[in-house]
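All remarks here apply to the structure that follows.
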Amino acid sequence: MKIEIQDITFTYGSHKILDNITFRISSGKFVGVIGPNGSGKTTFLKVLSRILRPTAGCVTLGEQLLEQFSQKELARTMAVVSQDTNSGYQFTVEDVVLMGRAPYLGRFQSESIADYEIVRQALEVTGCSHLKDRYITELSGGERQRVMIARALAQQPKVLLLDEPTSHLDIGYQQEILDLVKRLSTTEGITVVAVLHDLNLAAYYCHELVLVQQGKILACGLPTEVVTAENIEKVYGTRVLVSPHPVFGTPQVSLLPGMYRQSKTQQLDHIHIIAGGGSGGELMRDLCDSGYYVTAGVLSIGDSDWEAARALNLPVISEAPFSSVSSTRHQEHLKMLQKAQAVVLAEIPLGHGNLLNLEAALQAAAAGIKVYVLEEKPEQNRDFTGGEGQKLLRQVKEQGILITEKAQLYRALAEQLRLNSSLDDLSKETNSASSG
Ligand code: ADP
């Protein structure tokens, strides 16, 4: 059953909660409503389910205006699972799910075997069969949530409205419930509108998304059109990286650290990281978090460490994808290294293409810069050069400081830089004493 929402406005007193919302949901679609707390999602669902009457605008279910449905007709058409699933009454789970059959019963008519069979199935698909004789008040939040979905299913609706149906569920049940909801929309043709908190789940499961901000639709359409870094940043005020799901390509949101606006003018201690192949992302983040000025190189464009450096706004010497480090980039790298107080060589895979990065580390050590060689997994064979890389790495280890654990690295860096700064202070004092 299709749903048309036309110019819906809703106000509480003088407070406009929904502002001119218009969109159309095709029959059998699973639509997710996303947006920050207080943006009007629940209010929108309440208008759709006729719990609240809009101040202006109208909703059409199929070919009929929502307001024209009789109570019973509406209950046979639409089931609602709200956030508040705690009724407080001492009903058994089976009784609660049986209530889903009420719209199909005449006055004083009791449930038939067919009704009990529908209830049994609803309990089964929601994983609630074993709870059937328990009291609803004695269930956990997650169990109660599943029972409420079972009741909605027993209603055999054409439209299913869900307000955060997975908020109390662990990841296993989240998946089961959303798999089920998706299946209901895809195979049974039930139109589903669900308020979802988790952007990744929403993007993974929903056919379409509606992103709400302060009662207005900021974006709607396919998940790839709605879940973009720009939209998420605009609405939630947080920096994220949106990348395609590694298998299915749906957009996935990853958190990024706060707003790093690295500025060398702040005179931060400068640490340079030589990384690649995913060996340096965590290091970069941790060292930025610790307040250092961090640079990186030479990294291939598109390498995950290059992505990490970009996400953190780090100055980075970049090489073309899948290319060996060129002598031009190597020279730039050496210049960058000379300005650092410490260099960290991460556990990079050693290939012919990046041996110049080891040369760079050796030159830094020769110039008196402390070079920390991180090797948390000594047994791991990461030399793909037939021995040349390992030989060079050994030389770097001899000239540098071998570190076998990140925590140890962070302590060593803190100690070195503290020492540097007290030596600096001492030399300033000596200079001013001698000049005075
Ligand atoms: P969301 O579901 O996106 O978190 P809601 O729809 O629950 O947002 O709330 C939207 C806004 O409406 C919020 O500012 C909230 O404080 C306000 N609101 C919700 N219910 C009421 C109410 N009964 N009376 C007045 N304001 C309300």
Side-chain angles (χ1 to χ4, degrees), residues 3-25 29-59 61 66-67 74 78-88 141-142 144-145 148-149 152 159-169 174 177-178 181 191-221 223 225-228 230-238 240 251 253 255:
I3 308 175
E4 281 184 56
I5 295 122
Q6 189 70 43
D7 299 323
I8 289 289
T9 294
F10 181 83
T11 54
Y12 275 121
S14 61
H15 192 183
K16 202 181 259 186
I17 310 293
L18 299 176
D19 191 359
N20 224 8
I21 301 251
T22 296
F23 71 96
R24 196 172 179 283
I25 301 172
K29 288 281 184 231
F30 180 5
V31 173
V33 182
I34 53 175
N37 294 333
S39 56
K41 304 179 298 294
T42 297
T43 308
F44 172 65
L45 223 57
K46 284 182 178 168
V47 169
L48 270 193
S49 59
R50 219 172 65 177
I51 294 170
L52 294 173
R53 292 199 184 260
T55 320
C58 61
V59 176
L61 291 187
L66 180 63
E67 62 200 50
L74 188 61
M78 175 189 278
V80 184
V81 178
S82 60
Q83 268 189 60
D84 182 19
T85 56
N86 195 354
S87 72
R144 211 158 38 229
Q145 213 157 15
M148 291 306 159
I149 292 172
V159 174
L160 181 58
L161 304 184
L162 304 157
D163 196 354
E164 296 194 21
T166 58
S167 57
H168 290 110
L169 304 181
Q174 281 184 347
I177 291 295
L178 292 174
V181 169
T191 309
V192 182
V193 184
V195 170
L196 294 169
H197 224 69
D198 189 305
L199 297 175
N200 287 334
L201 285 179
Y204 184 87
Y205 280 103
C206 297
H207 297 121
E208 285 169 29
L209 294 176
V210 181
L211 176 59
V212 186
Q213 183 186 33
Q214 291 177 353
K216 289 195 168 93
I217 295 182
L218 185 107
C220 68
E225 294 162 346
V226 176
V227 181
T228 64
E230 294 75 27
N231 284 346
I232 302 304
E233 186 165 337
K234 211 182 286 175
V235 172
Y236 293 87
T238 180
V240 295
V253 178
L255 279 182

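Order of listing sets the numbers, starting from 1, for every ligand and every atom in it.
Results of the side chain to side chain contact (heavy atoms under 4.5 Å, CB included) test with F30 over L178, L209, T191 single out L178 as the only residue that passes. Checked options T228, L199, T238; the residue passing with V253 is L199 (criterion: side chain to side chain contact (heavy atoms under 4.5 Å, CB included)). Just one residue in the list L160, V181, L196 forms a side chain to side chain contact (heavy atoms under 4.5 Å, CB included) with P165, and that residue is L196. Applying side chain to side chain contact (heavy atoms under 4.5 Å, CB included) to T55 and the options L18, I17, T11 leaves one that passes, T11.
Residue-ligand proximity, P36 to ligand 1, at heavy-atom distances under 4.0 Å covers atoms 3 (O). For ligand 1, the atoms sitting less than 4.0 Å from at least one non-hydrogen atom of T43 are 5 (P), 6 (O), 9 (O), 10 (C), numbered in the order shown with element in parentheses. Atoms of ligand 1 lying under 4.0 Å from at least one heavy atom of N37, given by number and element, are 4 (O). Close approach of ligand 1 to S39 (heavy-atom distance below 4.0 Å) involves ligand atoms 1 (P), 3 (O), 8 (O). For ligand 1, the atoms sitting less than 4.0 Å from at least one non-hydrogen atom of K41 are 1 (P), 2 (O), 3 (O), 4 (O), 6 (O), 8 (O), numbered in the order shown with element in parentheses. Taking every heavy atom of I17 and a limit of under 4.0 angstrom, the matching atoms of ligand 1 come to 10 (C), 11 (C), 12 (O), 17 (C).
Within the 4.0 Å heavy-atom criterion, both parts of T42, backbone and side chain, lie near ligand 1.
Ligand 1 has a nitrogen or oxygen under 3.5 angstrom from a nitrogen or oxygen of G38.
Under the 4.0 angstrom criterion, atom 15 (C) of ligand 1 counts as lacking any protein heavy-atom contact. For atom 5 (P) of ligand 1, the nearest protein heavy atom lies under 4.0 Å away.
In terms of protein heavy atoms, atom 8 (O) of ligand 1 is closest to G40 N, 3.2 Å.
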Donor-acceptor pairs are to be reported for all side-chain atoms of residues 42-51 against protein atoms at under 3.5 Å, with residues two or more places apart or in another chain.
from : atom 1 : to   : atom 2 : distance (Å)
T42  : OG1    : D163 : OD2    : 2.9
S49  : OG     : L45  : O      : 3.0
S49  : OG     : K46  : O      : 3.2
R50  : NH1    : L66  : O      : 2.9
R50  : NH1    : F69  : O      : 2.7
R50  : NH2    : F69  : O      : 3.4
R50  : NH2    : Q71  : OE1    : 3.2

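Closest heavy-atom approach to atom 23 (N) of ligand 1 within the set Y12, F44, F10: this belongs to Y12.
Shown here is Q213, whose CD atom has more than 12 heavy atoms of other residues, nucleotides or ligands within 6.0 Å.
Looking at residues two or more places apart in sequence or on another chain, you find no ring-ring contact (aromatic ring centres under 6.0 Å, His included) involving Y236.
Remark: the backbone N or O of C206 is not paired with any side-chain donor or acceptor of K29 at under 3.5 angstrom.
The shell of residues lying under 4.0 angstrom from ligand 1, judged by heavy atoms, excludes G215.
Side chains of V226 and I34 form a contact here, defined as non-hydrogen atoms less than 4.5 Å apart.
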